[in-house]
Amino acid sequence: MMQIPLATYRIQFHAGFNFQAAQAIVPYLAELGISDLYASPIFTARTGSTHGYDSVNPSEINPELGGAAGFEALSIDLKHHRIGWLQDIVPNHMAFDSQNYMLVDVLENGPDSHYRDFFDIDWNHYYGGIKGRVLAPFLGKFYGDCLESGELQLKYTQSGLSINYYNLCFPLRIESYSHVLMYDLARLREKLGRNHPNFVKLLGALYMLKYIPSGEEGRERYDQILFIKRMLWELWNDSPEVKQFIEENIQVFNGEPGNSESFNLLDSLLSEQFFRLSYWKVGNEELNYRRFFTVNELISLRVEDEKVFDATHRFILEQVSQGKFTGLRVDHIDGLYNPVQYISRIREHSPDVYLVVEKILEPHEELPLNWSIQGTTGYDFMSKVNGLFCQQANQLDFSAVYYQFIGNSTPCEALIDENKRLIIGKHMAGDIDNLAHLLKQISDRYRYASDFTMYGLKRALVEILTLFPVYRTYISREGARKADQELIRQVIEEAKENIPNFINELCFIEKFLSLEFDDRLTEEDKDQWLHFIMRLQQFTGPLMAKGVEDTVMYVYNRLLSLNEVGSNPGEFGISAEDFHTFNQNRCTQWPHAMNATATHDTKRGEDVRARLNVLSELSEEWDNHLRNWHAVNKPLKENVDGLDVPDRNAEYLLYQTLLGAFPFDEVDYPQFVERVKEYIIKASREAKVYTSWQRSDIEYEQAFIRFIERALKDSPDNLFLQEFRPFQRKLQHYGIINSLAQTLLKITSPGVPDFYQGAELWDLSLVDPDNRRPVDYEKRMAYLDEIKTRSQKDLPHLLQELLKSPEDGRIKLFLIYQALRARRAYPDLFQRGSYQKLAVVGSLKPHIVAFTRDLGDVQAIVIVPRFLTSLIKEGEYPLGEQVWHETRILQAPGSSALWQDMISGQQLEGGETLWIKDILNQFPVALLIGTIEHSGSIRKEQAQ
C-alpha cells in the first residue's frame, strides 16, 4: 500500500553533509514527528556538487555521500525508526561534463554511440558548423583566441587522446587518432627500424584505425576501439621510443603561442570531432541541444524514449521495489516532452509509490486532474499561506510608497513582458531560432503557409511565448484540456492585437496549438505538427522561470515577501476566503500534496517572508523610514559612470532584505553583513540592470559592496543603524507571531507539511547558496529534549518562558513538536478529514483565520491571528480578553462540547460558540481537538 507521509523533512546532501551525518539526526527527526526523510538527489553527480542536480550517473549512489554502503546503513536506520524515504529524482537533464560517461561516449562515437539518442540533440541542425556535431559552449573567450593562446591542449592517457580545457576533457573520435600517430611517422621508423616489434605493432594499430566498423556493427566497433586503445597503452608503457614519439607529436599539435600557423594541425583535428568547442555565449544564440533553462552545463535527456527511461530509471525503480524509496519527487516535470506519459510509466512500474511533482502553478491555474500523482511539492500552498498575511486593503498605499521612492511607476505586468523579451533575445535566442526553423519546415509543406518567412514566423512565436501566462500547457496526441484551449485562445487574441501585421502567421500557429488538422494532412504531417507543439511547450517554462523568477523578482521590489517561486509579485496578498477555497479544493482533489513554506529554491527563508509581510500593514510608517534612511545614507553612495550606487530601486531592495533577514543574536551580525554582500551581488546580477552573470560590472558591484559596508558598520556613531534598529525590532516581533501562525497552518491544512532543513528554528536565510549553510543539529536536539521534558512537567511555565524569549527559536520548535504530536495521534483526521472554514463573528473578524478538520467522531479546530500591528503593541502578544473582546467562532450544532488545545494543553468547554479570548489566552495560535461518541455523549480524548 502507498505510504502517505505525515510530515517530511528536506535534507540537502553533499560531501559536507553525507549519509553518515544524516544518520546522526534520525532519532531527532523521529522524536520531532517527521515520518519521511525528503532527500535531494543522491545519485553520482559532478565531483564537488553541492546540490546533486548535475548528475553524471543515474545508476550509482554518489560516493561523496557515502556510496552504496552509506545509503544502505541510513536506509536501515530510517526503517528502524519507521521513517520513509522521499527521493528527489531528475529525469530532465544531466551534467554536460566529462564525468558523464554516457555523454562522453556520444562525444567520442557520435552517431555510432550506444547513447546517441539519450540526449536531446539535433544532429541535423540547419547550421553547418554544428550539423552532425554537438555544440560545446564552454570556452571563456572566442575559440580562435583559446586555440592560439594554448588553452586547448591535446593530451594522452589510458582512456585515449583528448582535448582538454582546464578541467574539461573531450575525447577524440577514434578515427582521428591516425592524424596524431602518423604525423612524421618516418622519424620513429628511423629510430626503431622498419621491422622492430613495437613499430610493427604501431603499424597494426594504424591499419586497424582505417577499418573501424560502424552502423549495424556497433558491438564490433566498441570491441575494436577497446583493442586499439589497449594496444596503444601497452606501447606507451613498454616502449620509451613510442612514448617519446607520441609526446613529441602532441607537443607539435599543441602549437606555440605567438605562432598562429603552428595551431593549424590542432584546428584541423578539432574540425572533425563530434563536438564543436565554442565561446560560452554562442550557446545563447546557436544551440543544437536542449539545456536546463539557460544553463549550458546541463544537457537535457530524451526521457520520452522508452529505452532512455528504462536506462535512467532502472536503479531508481529498484530502490522503490525494495522499499528503500517510499516516495518520489519529480524535478522540473514541465521540462519533459510528455509529462503525462512519463507519469504513466512511473506508475506502470511503481503503482503504489507516493509521487509528487515540482510544478509551478500560477494564480487560478489548476493541476491537471488526469495526472496519477499525489500533487505538487507545495509552492502553490506556500504562495497562498504567505499571501494570507499580506494586508490587501493597503495595496494602493503601499504601491504608491514604492513607486514614489524609486521614481518609476512601471507595473509588474509590463516588467514581466519586458524581461521575457530580454531573455528571448539574449539568453534563449538559439532555442527560439530552433523552434522557428522547425515551424518553417512544416509551413513549407503546407500550401496556405508556404509563403511565410522565417522572420514572420519567428516574430509570431516570440509574441506568443512572451504572452504565455503559465509555465506550460499539456497538449498531446490525446488532445488538450479545456483550460489549455482557452488559454491558447486568449494568448493568440492578445498577440493579434499586439502585432496585427502578423495575423496570418498567428492564425497558422493557432491551428497547430488547437490541433485543427486538415483532412488532407498525412499521418507524417500530423506527427510533425504534434512534435512542434510538444517542443514549444518545453520552452515556455524556462522562459517563465528566467524572465520572472530570475529577473523580475529582483527588479520589481514592491514587497519582497511576494517575490517567491510559485507566487506572482503583482498579486498583493489573498483574502481569507480565497485561502479557505484553496484548502477546500485541495482537500477534495489533492489531499496528499505537499505543504511547503521553504525549499532549496526559495528566494528567502520562511521567517524572512513572515517578517516582511508586516510591512504591508504599515505603509505610512514604512514610507517615513524609507525617506529618512535614504537621506542618512545618501552621503555613503559612490557615483559610477553618472549613477549613484545603489540606485533607489536597489536601495529599496536592500532595506527590505536587512529588515527581513536581520539576525536575532548580535553574535551573528558580522557574518550577516558578509551574507548580505554576497546576496546583493547575486540579486544585482539576476536583475540584469547594471550588471549580470554574462557581463559583470565589477566597478558597480564593488561600489554597492562598499555602500553596504559603510551603512552597516558596527559603530556607536552609525546613524543609519540607530534609526534602523527600532523599526527592525518592531517588525521582528510581529513577524514572530506571523511565523507561528504560518507554521500551524502548514501542519494542519490539507496536505503533507514539509520542513526544510534547519527551519524548525528561525529561518532567516536568503537565496541559495545562503539557504544551504550548515545546520546546528546539536542545538536543535538539545532544545527538543528540553521542550519534551518540560512540557510534560510544567507546560504553563514553559509557555511563559518561550513567549518571554522567542529570539532563540525554541517557541517555533515547540509549536512544531506539539502540532506534529497531534498529527501522529490523529493521522486519519489530518490526512483524510474534511475541511470547513469557521464563521468568525465580532469586530475583529478580519484578524482571525479559523477552520475545522472533521473525520467521524474526531474534530480539530485551527485558529491563528493576523494583521496584529493595529491590535497589540510591540512586545505584546494577542492573548486574552483585552485583545479579542467579543470576537468568537460559531460552530454547527452537534460539535464537541469539550476541547483540548494540543499546543497549550488547556481544556475548554465548547458548544455552538467559542470565544477567542478564552482560546488564545496562553499561546498566540491554537489547535483544538474534540471527540464525539456515537451515543451523543461527549468524551475527551487526549493525544498519546
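On a predicted model such as this, the values are computed, not experimentally measured, just so you know.
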(request) Applying salt bridge (charged side-chain N to carboxylate O under 4.0 Å, His left out), name anything that partners Asp484, two or more places apart in sequence or on another chain. (result) Arg481
(message) Quick check on the 6.0 Å ring-centre criterion: do Tyr342 and His313 meet it?
(response) yes
(request) Assess the side chains of Arg345 and Asn338: does a donor N or O sit below 3.5 Å from an acceptor N or O? (result) no
(message) Looking only at the side chains, is there a donor atom on one of His332 and Tyr53 sitting less than 3.5 Å from an acceptor on the other?
(response) no
(message) For the aromatic rings, using the six-membered ring if either is Trp, is the centroid distance between Phe532 and Phe512 under 6.0 Å?
(response) yes
Atom pairs and distances, donor-acceptor, side-chain atoms in residues 537-552, under 3.5 Å, two or more places apart:
{"residue": "Gln537", "atom": "OE1", "partner": "Thr473", "partner atom": "OG1", "Å": "2.8"}
{"residue": "Gln537", "atom": "OE1", "partner": "Tyr474", "partner atom": "N", "Å": "3.3"}
{"residue": "Gln537", "atom": "OE1", "partner": "Ile475", "partner atom": "N", "Å": "2.7"}
{"residue": "Gln537", "atom": "NE2", "partner": "Ile475", "partner atom": "O", "Å": "3.0"}
{"residue": "Gln538", "atom": "OE1", "partner": "Arg535", "partner atom": "NH1", "Å": "2.7"}
{"residue": "Gln538", "atom": "NE2", "partner": "Gly335", "partner atom": "O", "Å": "2.9"}
{"residue": "Thr540", "atom": "OG1", "partner": "Tyr471", "partner atom": "O", "Å": "2.6"}
{"residue": "Thr540", "atom": "OG1", "partner": "Gln537", "partner atom": "O", "Å": "3.3"}
{"residue": "Lys546", "atom": "NZ", "partner": "Asp550", "partner atom": "OD2", "Å": "3.2"}
{"residue": "Glu549", "atom": "OE2", "partner": "Tyr471", "partner atom": "OH", "Å": "2.4"}
{"residue": "Asp550", "atom": "OD1", "partner": "Lys603", "partner atom": "NZ", "Å": "3.0"}
{"residue": "Thr551", "atom": "OG1", "partner": "Lys546", "partner atom": "O", "Å": "2.6"}
{"residue": "Thr551", "atom": "OG1", "partner": "Lys688", "partner atom": "NZ", "Å": "2.7"}

(message) Looking only at the aromatic ring of each residue, does the gap between the centers of Phe309 and His349 stay below 6.0 angstrom?
(response) yes
(request) Would you confirm whether Thr466, through its side chain, and Val462, through its main-chain N or O, come within 3.5 Å as a donor-acceptor pair? (result) yes
(request) Verify the distance criterion only: is there a donor paired with an acceptor across the side chains of Tyr126 and Asp433 at less than 3.5 Å? (result) no
(request) Of all the heavy-atom pairs spanning Phe43 and Asn57, show the shortest one and how long it is. (result) CB-O, 3.7 Å
(message) According to salt bridge (charged side-chain N to carboxylate O under 4.0 Å, His left out), who are the partners of Arg459, at least two apart in sequence or on a separate chain?
(response) Glu463
(request) Only counting residues at least two apart or in another chain, list the ones meeting ring-ring contact (aromatic ring centres under 6.0 Å, His included) with Phe119. (result) none
(message) I'd like to know if the side chain of Tyr756 reaches the main chain of Asn771, judged simply by a donor and an acceptor atom lying under 3.5 Å from each other, with no hydrogens or angles considered.
(response) yes
Determine all donor-acceptor pairs shorter than 3.5 Å in which one atom belongs to a side chain in residues 360-367; sequence neighbours excluded.
{"residue": "Glu365", "atom": "OE1", "partner": "Glu362", "partner atom": "N", "Å": "2.8"}

(message) So, taking the atom named OG in Ser55 and the one named CD1 in Ile89, what distance separates them when rounded to the nearest 0.5 Å?
(response) 11.5 Å
(message) Suppose the criterion is salt bridge (charged side-chain N to carboxylate O under 4.0 Å, His left out): which pairs have a residue in residues 467-478, not counting sequence neighbours?
(response) Arg477-Asp527
(message) For Phe96 and Tyr289: C-alpha separation, side-chain torsions, deciding distance, then whether ring pair (Phe, Tyr, Trp, His ring centres under 6.0 Å) applies.
(response) CA-CA 10 Å; Phe96 196 134; Tyr289 69 91; 5.2 Å; yes
(message) For Gln528 and Glu524, which I'm curious about, is there any donor-acceptor pair between the side chains at under 3.5 Å?
(response) no
